[in-house]
Protein chains: 2
Amino acid sequence: MGTTDLESVPEPKYWHLKTVLSDALDTEFAVGEILPNERELAARFGVARATLRQALEQLELEGRLQRRRGVGTTVAPPRVGVAVGDSTHGWTDGGADAWQSVDSVEAVPPAAVARLLETDPDTPVHRVRRTRIGQGLPLAAELLYVPAESVPGLAAIDTPSGLARARAVLRELRRLALEGRERSVELGSARADDAKELDRLPGAPVLVVTTRYVAAGRTVAVAVATYRADTCRLTFGDPHDSEELLAG
Amino acid sequence: MGTTDLESVPEPKYWHLKTVLSDALDTEFAVGEILPNERELAARFGVARATLRQALEQLELEGRLQRRRGVGTTVAPPRVGVAVGDSTHGWTDGGADAWQSVDSVEAVPPAAVARLLETDPDTPVHRVRRTRIGQGLPLAAELLYVPAESVPGLAAIDTPSGLARARAVLRELRRLALEGRERSVELGSARADDAKELDRLPGAPVLVVTTRYVAAGRTVAVAVATYRADTCRLTFGDPHDSEELLAG
DNA sequence: AAGTGGTCTAGACCACTGT
DNA sequence: CAGTGGTCTAGACCACTTT
């Protein structure tokens, strides 16, 4: 006796560190408070900075921390509940849902999108860029792909691109009677352009919501929205109890 | 003239590396194929192993690669589409949906769950553990929290815990007429127990789906399901076109 | 035993933010 | 400008799987 083999399953240091920090965040820090810098924290816990960073990365992934280069690491507020599945409003822009059009161009969609649209992979379609704002911060960046056949009314409009064009595309879309939509959510990492829109570094983890809009038995549009995974909690179904009400 | 300042926005090495590897995966490798090991890849690209690993981590996060200690790095198959929003079946166990009960105990729920259940934070509730299998691999691990008031019929059953108890709880739940449910999806990292169930290391990225089941105006149960973020694409809405049909 | 990915170190320099 | 987090290196050892 005397020798305890409790160490038979040695927990990685960064994992243990994460637990310790997580508890400290609950008890000793307030939302928005700035933590000591990484070099000092590493010294305090007696680990290399890289190991400390591994723990911080996990906590940031879980939405507990927010790190900004040149500024510091702060305690993050609870994640924002963002309604995604609300079927009452479809293409609304501005207003309560806070989608904001940015611009529109004609572009060849990614192969995966072309497959959903059932269009030729090399044929350009309308591509509308939108941003979603909530609580003052950018939540999501979206690219909406619309084949020309879906919005025949556009042929009469001469704005070639830009914000006016984006609004024109959405206006035409709203005329369609939607039969339904189909959504999927997966993990991704922010492309350079989305990252800029979301005020994050490229590669930041995002929740990619792909929506297929169906009208008259056809896929009339496909939206690919990337939500900041660190700050967003996507909510589906009856939104009667979600945080959206508070933001009103 | 002569000096080009194209380097004014120097891309990080690991980011560029990720792009190169991603293209190589598309063109030079087949699903399931084993990549050269990390030390060799690093040498081949002239970077430190840590930098190479940063690129691999991103690709794994995006579901392009699968890494297993002691084995190697393989090219991952496309993500599995997993239906989550299907409201036709609720508590089904086994069968087409492939939920499989593991066991059940009485336990105090996490604070966040207690808040949803509107129960006292210190009062234990039934906790059923289930696993979801698809294409031969574990997709999700779930903890279903059920207050005793929701399943009064259980008082007459004497199995204290285990698989039999889990099935008994589900049987009682199926008697309830569900009014609706409310779901949210967010990014998390696998706790040690879930990680084991999912055949991943602790801290692996997961999609956490929290479901609140409502019957007779009350929250009768809360499920917290953690899906492997690397292999799963969660689908919502009409599942008529999802991959589930192929798996039948 | 050999080979793989996972963890950890100690240090360096860079990019960005504030003052 | 000083201070922050972000990137990168070269090396070591560990845990795990397969042979």
Side-chain angles (χ1 to χ4, degrees), chain A residues 5 7-19 21 33-61 64-76 189-190 192 195-196 199-205 230, chain B residues 5 7-19 21 33-61 64-76 189-190 192 195-196 199-205 230:
Chain A
D5 57 353
E7 307 310 316
S8 59
V9 184
E11 210 172 34
K13 272 191 193 176
Y14 78 90
W15 185 258
H16 180 242
L17 206 50
K18 186 195 124 181
T19 312
L21 285 169
E33 199 169 341
I34 303 181
L35 267 62
N37 71 56
E38 296 183 350
R39 289 159 179 90
E40 188 184 327
L41 277 179
R44 190 178 300 185
F45 287 106
V47 299
R49 192 178 154 217
T51 305
L52 186 266
R53 276 180 63 79
Q54 214 171 338
L56 293 184
E57 256 146 46
Q58 286 250 355
L59 289 170
E60 192 179 27
L61 206 74
R64 308 286 315 270
L65 291 179
Q66 192 156 347
R67 300 192 286 175
R68 271 175 306 167
R69 170 152 50 175
V71 180
T73 301
T74 57
V75 181
S189 47
K196 195 177 161 194
D199 192 25
R200 302 254 62 199
L201 291 178
D230 56 343
Chain B
D5 57 353
E7 307 309 316
S8 59
V9 184
E11 209 172 34
K13 271 190 193 178
Y14 78 91
W15 186 258
H16 179 242
L17 206 50
K18 186 196 125 181
T19 312
L21 285 169
E33 200 169 340
I34 303 181
L35 267 62
N37 70 57
E38 297 184 349
R39 289 160 180 88
E40 187 184 327
L41 277 179
R44 190 178 300 185
F45 287 106
V47 299
R49 193 179 154 216
T51 305
L52 186 265
R53 276 180 63 79
Q54 214 172 338
L56 294 183
E57 256 146 46
Q58 286 250 357
L59 289 169
E60 192 178 28
L61 205 75
R64 307 286 314 270
L65 291 178
Q66 192 155 349
R67 300 192 287 175
R68 271 174 306 168
R69 171 153 51 175
V71 179
T73 301
T74 57
V75 181
S189 48
K196 196 177 160 192
D199 192 24
R200 301 254 63 196
L201 291 179
D230 56 343

Worksheet item: Hey, does B:Arg68 reach any base, or is it just sugar-phosphate, or nothing, if we go heavy atoms under 4.0 Å?
Response: sugar-phosphate
Worksheet item: Which part of the nucleic acid, if any, lies within contact of A:Leu56, taking any heavy atom under 4.0 Å across all strands shown: a base, the sugar-phosphate backbone alone, or nothing?
Response: nothing
Establish, with yes or no, whether the OP1 or OP2 oxygen of [N] is under 4.0 angstrom from a side-chain nitrogen or oxygen of [X].
{"X": "B:Arg53", "N": "C:dG6", "answer": "yes"}
{"X": "A:Thr73", "N": "D:dT4", "answer": "no"}
{"X": "B:Asn37", "N": "C:dG3", "answer": "no"}
{"X": "A:Thr51", "N": "C:dT7", "answer": "no"}
{"X": "A:Arg67", "N": "D:dT4", "answer": "no"}

Which nucleotide sits closest to the side chain of [X]: [options]?
{"X": "B:Tyr14", "options": "D:dG6, D:dT7, D:dT9", "value": "D:dT7"}
{"X": "B:Gln54", "options": "C:dT17, D:dC13, D:dC8", "value": "D:dC8"}
{"X": "B:Val47", "options": "D:dT18, D:dT9, C:dG6", "value": "D:dT9"}
{"X": "B:Glu38", "options": "C:dC16, D:dC8, C:dG5", "value": "C:dG5"}
{"X": "A:Pro12", "options": "C:dT7, C:dC16, C:dG6", "value": "C:dT7"}

Discussion item. Nearest 0.5 angstrom please: A:Glu11 CD to A:Lys18 NZ, how far?
Written reply: 10.0 Å
Discussion item. Is it the case that atom CZ in A:Arg68 sees more than 12 heavy atoms from other parts of the structure closer than 6.0 Å?
Written reply: no
Worksheet entry | Salt-bridge criterion met for A:Glu60 and A:Arg200 (N-O under 4.0 Å) | yes
Worksheet item: Is a donor-acceptor pair below 3.5 Å formed from side chain A:Arg49 to base D:dG6, judging by atom type as modelled?
Response: yes
